[in-house]
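A short write-up of the structure that comes next.
Please read these numbers as outputs of a predicted model, since none were measured by experiment. Residue indices begin at 1 and follow the sequence shown.
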Amino acid sequence: MAGVSSTPYAIRYTLEFMIKVGVIGVGHLGKEHVRIYSALHGCELAGVFDINPDVKEKFARKYKVCAFNSIDEMALGVDAVSVVVPTSAHYQVAGAFLEAGRHVFVEKPITETTSQAEELVRLAHESKLILQVGHVERFNPVMSYLEKQVADPRFIEAHRLSPYPNRGTDVSVVLDLMIHDLDVVLHLVRAPLVSVDAVGVPVLSLTEDIANARLKFANGCVANLTASRISPEKTRKIRVFSSTHYLSLDYQNQEGLIYWKENQAIHREKVPIEKDEPLKLELAAFVHAVEHRLEPRVSGQAGKQALDVAIQICEEIRKNDFVRV
Ligand code: NAD
């Protein structure tokens, strides 16, 4: 009966080494983190916390997990957390979990200021904790294709447009939406940034709701990025020219076209993309990084670099805004 008696030990072994995760902030995006963790291999959803008690109870009941009463209580019950509170609270909340010795996935942008981001990166580094930032497009199957095809981008054009969200407007559209494209561009170009030119205007909120930035890199590459949260439709597109190819990709529909020259003619093909849910791939990568103590694909340092450029763009916008000045 060796097989029968060994089964409970096998189950206990699996459960003991399952990473316990919690989600703090169960709003628009946090509820998707909860859904994904509840079904994700290699982790166990231990519970949720939200300053809104109704929200917290609702999701704790739905997923039959703990509704924690505070950050301190949650830190005692988890190995790792997803911080999905508004950006203005990222520093305080993520910092508290890192100080308590817990691995942290923090949604983008990492924080509101460069010094706050630096502090989170330092805390994680000193305590040897995983700090991953929610730049979800890095896990979009479109991005995996792009990385394989484009070694030397010369020009990148990105459009990220949305209808007005009524949330996330605690920060400029540059920190809210454009930061996704900044992270992708910095990851693809890998050369020092030499100049930034930018314009933007607030329309419905107190910060920029629409913005355009032109970035020039030391290797000659230029990136032209447009972000808006006052558009009638949602668009998430990137176009990349390299010396050999032109790619036009759609993150939202996970499809695109690749163009290249052959025998003095331009050829065009649909790109082969295996569709999947980027957020699921991103959280699975976080759990994997925690389990194996690996450098996450989007580290705290990468999140800080994207934030540094986003802040530079905001400063440039305000310098160029003769109307508001
Ligand atoms: P939301 O307002 O819908 O939800 C935030 C939740 O956090 C609310 O339920 C609120 O009660 C709770 N909360 C606020 N302060 C808290 C605190 N101190 N402790 C505990 N709970 C607290 O916001 P959202 O749209 O889900 O955005 C949350 C974060 O996710 C933001 O940082 C945003 O930038 C990011 N986000 C990322 C993406 C992406 O594509 N990666 C998309 C949307 C939002």
Is there a side-chain contact between [X] and [Y] in this structure, where contact means two heavy atoms from C-beta onward sitting under 4.5 Å apart?
X: Val201; Y: Val203; answer: yes
X: Met178; Y: Ile313; answer: yes
X: Thr111; Y: Leu307; answer: yes
X: Arg229; Y: Ser205; answer: yes
X: Val222; Y: Leu215; answer: no
X: Val309; Y: Leu186; answer: yes
X: Ile24; Y: Met74; answer: yes
X: Gln149; Y: Ile258; answer: yes

Heavy-atom closest contact (Val21 atom, Cys43 atom, distance) |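 Val21 and Cys43 have their closest heavy atoms at CG2-SG, 4.1 Å.
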Identify whether the distance between the nearest side-chain nitrogen and carboxylate oxygen of [X] and [Y] falls below 4.0 Å.
X: Glu126; Y: Arg122; value: yes
X: Lys20; Y: Asp79; value: no
X: Glu315; Y: Arg318; value: no
X: Lys304; Y: Asp308; value: yes

Test of understanding: with side-chain contact (heavy atoms from CB on, under 4.5 Å), list the residues that count as partners of [X], not counting sequence neighbours.
X: Lys234; value: Ser162, Pro163, Arg236, Gln252
X: Asp152; value: Arg154, Ser242, Ser243
X: Gln254; value: Asn140, Pro141, Val142, Ile273, Lys275, Pro278

In Å and rounded to the nearest 0.5 Å, what is the [atom1] to [atom2] distance from [X] to [Y]?
X: Leu279; Y: Glu32; atom1: CG; atom2: CD; value: 7.0 Å
X: Ile36; Y: Leu283; atom1: CD1; atom2: CG; value: 5.0 Å
X: Asp197; Y: Asn320; atom1: CG; atom2: CG; value: 6.0 Å

Give a yes or no answer on whether the side chain of [X] reaches the backbone of [Y] with a donor-acceptor pair at less than 3.5 Å.
X: Lys108; Y: Asp176; answer: yes
X: Lys280; Y: Glu277; answer: no
X: Ser127; Y: Leu129; answer: no
X: Ser38; Y: Arg35; answer: yes
X: Asp209; Y: Leu204; answer: yes
X: Asn253; Y: Glu255; answer: no

Tell me, yes or no, whether the heavy-atom count around Lys237 atom NZ, taken from other residues, nucleotides or ligands under 6.0 Å, exceeds 12.
->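 Counting other residues, nucleotides and ligands, NZ of Lys237 stays at 12 neighbours or fewer.
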With sequence neighbours excluded, what pairs up with His41 under the ring pair (Phe, Tyr, Trp, His ring centres under 6.0 Å) test?
->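 For His41, no residue satisfies ring pair (Phe, Tyr, Trp, His ring centres under 6.0 Å) once neighbours in sequence are set aside.
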Can you name the ring pair (Phe, Tyr, Trp, His ring centres under 6.0 Å) partners of His187, sequence neighbours left out?
->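 Partners of His187 under the ring pair (Phe, Tyr, Trp, His ring centres under 6.0 Å) test: none.
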What pairs meet the salt bridge (Lys or Arg N to Asp or Glu O under 4.0 Å) rule with one or both residues in residues 130-150, with sequence neighbours excluded?
->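 As it turns out, the salt bridge (Lys or Arg N to Asp or Glu O under 4.0 Å) pairs with a partner in residues 130-150, which skip direct neighbours, are Glu137-Arg160, Arg138-Asp183.
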Pairs meeting criterion ring pair (Phe, Tyr, Trp, His ring centres under 6.0 Å) with involvement of [range], two or more places apart:
range: residues 143-186; answer: Phe155-Phe241
range: residues 52-76; answer: none
range: residues 191-224; answer: none

Counting only pairs under 3.5 Å, give me each side-chain donor-acceptor contact of residues 82-106, with atom names and distances, residues two or more places apart or in other chains.
residue, atom, partner, partner atom, Å
Ser82, OG, His33, ND1, 2.9
Ser82, OG, Tyr37, OH, 2.8
Ser88, OG, Asp170, OD2, 3.3
His90, ND1, Glu107, O, 3.3
His90, ND1, Pro109, O, 2.8
His90, ND1, Ile110, O, 3.4
His90, NE2, Val85, O, 3.0
Arg102, NE, Ala75, O, 2.6
Arg102, NE, Val78, O, 2.7
Arg102, NH1, Ala100, O, 3.2
Arg102, NH2, Ala75, O, 3.0
His103, ND1, Ile130, N, 2.9

Which pairs of donor and acceptor atoms, one on a side chain in residues 259-271, lie under 3.5 Å apart (sequence neighbours left out)?
residue, atom, partner, partner atom, Å
Trp260, NE1, Glu262, OE1, 3.0
His267, NE2, Glu262, O, 3.3

Output the rest of the hydrophobic cluster of Leu161: all Ile, Leu, Val, Met, Phe, Trp and Tyr residues reachable through side-chain heavy-atom contacts under 4.5 Å, sorted by chain and number.
->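 So far as hydrophobic clustering goes, Leu161 is joined with none.
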